[in-house]
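What follows is a set of notes on a single structure, which appears directly below.
Throughout, numbering of the chain's residues begins at 1 and tracks the sequence.
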Amino acid sequence: LRDALTDFEPDILLADFTMPGFGGLEALKIANELRPNVPFVFVSGTIGEERAIEALREGASDYVLKNNLARLVPVLRRALRETKEHAAHIKAQRQLATQYAVARILSEAGAFEEAIPRLFKAICEHEGFVSATLWQADPDATILRCIDVWTKDTPELTEFAARIRELKIAPNMGLAGRAWETRQPVWV
């Protein structure tokens, strides 16, 4: 189960509560650890009310008794809908937090250049990005030069930042060059 959940993110997980040598609650614990945003539904013929309540307390989305499988499709639809709504809510909260952080940094900064490192850090941390780079065209407008770069603090990313600072980008070279050439955002 660990290998499967590490390599693949399912839309929903279904499990029997009682499995030989591997209990449903253990499966739920692993799923909560590796894929906490994936709904987990027990389908069982042996789960009692106390065990069902325990499973719900431990993070299961729901349970369906095997003698009442007519409930399965509505339960799955509800679990998927609630997960989607929860993800949208979390995304909206993160966007508001990012907007607030950016507005606060800009209002506190004396100059835009002074705010850049703090803006990069705030945006990247709120959005889960590992780096941000600001490019500026040289006075002759023939190349882009890196003005500032922020990365998470790891040896690999520190080396990446050092190399980025030395780059000179021509029009239509890489993503930054393509955005510069076309004057359009480039989304990856």
Side-chain angles (χ1 to χ4, degrees), residues 1-105 118-133 149-161 164 175 185-188:
L1 181 61
R2 282 188 179 282
D3 290 345
L5 291 178
T6 299
D7 295 340
F8 175 71
E9 183 171 355
D11 293 323
I12 197 162
L13 291 163
L14 302 174
D16 199 336
F17 192 80
T18 307
M19 298 177 277
F22 187 64
L25 288 177
E26 186 172 341
L28 176 60
K29 182 180 175 186
I30 292 169
N32 284 339
E33 174 189 331
L34 297 175
R35 298 293 182 188
N37 298 321
V38 174
F40 192 105
V41 176
F42 282 110
V43 180
S44 181
T46 59
I47 194 170
E49 185 176 337
E50 286 180 25
R51 300 295 277 176
I53 291 170
E54 179 183 3
L56 293 172
R57 222 180 272 133
E58 294 296 320
S61 301
D62 210 333
Y63 68 93
V64 176
L65 297 174
K66 287 182 181 177
N67 65 0
N68 191 11
L69 290 178
R71 271 191 77 236
L72 184 59
V73 171
V75 163
L76 297 178
R77 284 188 179 138
R78 183 186 50 75
L80 291 168
R81 183 185 67 249
E82 287 176 357
T83 299
K84 186 177 179 181
E85 289 169 356
H86 180 71
H89 178 73
I90 295 298
K91 182 179 179 182
Q93 284 182 319
R94 190 178 68 238
Q95 287 174 335
L96 284 173
T98 303
Q99 289 173 357
Y100 173 77
V102 166
R104 190 184 69 223
I105 290 166
R118 291 179 55 213
L119 287 171
F120 278 179
K121 184 176 190 298
I123 291 169
C124 289
E125 287 178 348
H126 280 103
E127 296 300 320
F129 300 157
V130 297
S131 70
T133 310
V149 62
W150 177 90
T151 65
K152 282 189 170 183
D153 191 20
T154 68
E156 298 84 8
L157 290 172
T158 301
E159 181 182 335
F160 168 78
I164 287 290
L175 295 175
V186 178
W187 296 99
V188 179

>> Using modelled atom types and a 3.5 Å cut-off, is there a donor and acceptor pairing between side-chain atoms of Arg35 and backbone atoms of Leu5?
In response: yes
> Leu1 versus Phe22: any side-chain heavy-atom pair under 4.5 Å?
Replying inline: yes
>> Using side-chain heavy atoms (C-beta onward) and a distance below 4.5 Å, is Leu28 in contact with Phe42?
In response: yes
> If you take all heavy atoms of Ile105 and Ala122, which pair is closest and at what distance?
Replying inline: CD1-CB, 3.6 Å
> Which heavy-atom pair separates Val41 from Ser61 by the least distance, and what is that distance?
Replying inline: CG2-CB, 4.3 Å
> Got a sec: does the CD of Glu33 have more than 12 other heavy atoms crowding it under 6.0 Å?
Replying inline: yes
>> Taking Ala79's backbone N and O only, do any of them form a donor-acceptor pair with Asp62's side chain (distance below 3.5 Å, no angle check)?
In response: no
>> Ignoring hydrogens, what is the shortest heavy-atom contact between Lys66 and Val43? Give both atom names and the distance.
In response: CE-O, 3.8 Å
> Taking everything shown except Asp153 itself, do over 12 heavy atoms lie less than 6.0 Å from its CG?
Replying inline: no
> Quick one: does Glu125's side chain get under 4.5 Å of Trp150's, heavy atoms only?
Replying inline: yes
> Just how far is it from atom CG of Leu69 to atom CG of Asn67, taken to the nearest 0.5 Å?
Replying inline: 8.0 Å
> Do Thr133 and Phe120 have side-chain heavy atoms sitting under 4.5 Å apart?
Replying inline: no
>> To the closest 0.5 Å, what do you measure between NZ (Lys152) and OG (Ser131)?
In response: 10.5 Å
> To the nearest 0.5 Å, how far apart are CG in Leu34 and CZ in Phe8?
Replying inline: 14.0 Å
> Do Arg71 side-chain atoms and Tyr63 backbone N/O form a donor-acceptor pair below 3.5 Å?
Replying inline: yes
>> Please report the interatomic distance CG(Leu80) to CG(Asp11), rounded to the nearest 0.5 Å.
In response: 6.5 Å
> In this structure, are over 12 heavy atoms from other groups packed under 6.0 Å from Arg77 atom CZ?
Replying inline: no
> Does any N or O in the side chain of Ser44 come within less than 3.5 Å of the main-chain N or O of Leu65, such that one atom is a donor and the other an acceptor?
Replying inline: no
>> Using a 6.0 Å cut-off, check whether atom CD of Glu49 has over 12 heavy atoms from anything other than its own residue.
In response: no
> If you measure from CG on Leu14 to CG on Leu72, what distance do you get to the nearest 0.5 Å?
Replying inline: 6.0 Å
> Is the number of heavy atoms from other residues, nucleotides or ligands within 6.0 Å of OH (Tyr100) greater than 12?
Replying inline: no
> What's the spacing between Thr18 OG1 and Arg51 CZ if we round to 0.5 Å?
Replying inline: 7.5 Å
>> Do His89 and Gln93 pair up side chain to side chain, a donor and an acceptor below 3.5 Å, judged on atom types alone?
In response: yes
> Any side-chain heavy atom of Val130 within less than 4.5 Å of one from Thr151?
Replying inline: no
> Any salt bridge between Glu54 and Arg57, counting N to O under 4.0 Å?
Replying inline: no
>> Please give me the minimum heavy-atom distance between Ala161 and Val149, naming the atom from each residue.
In response: CB-CG1, 3.8 Å
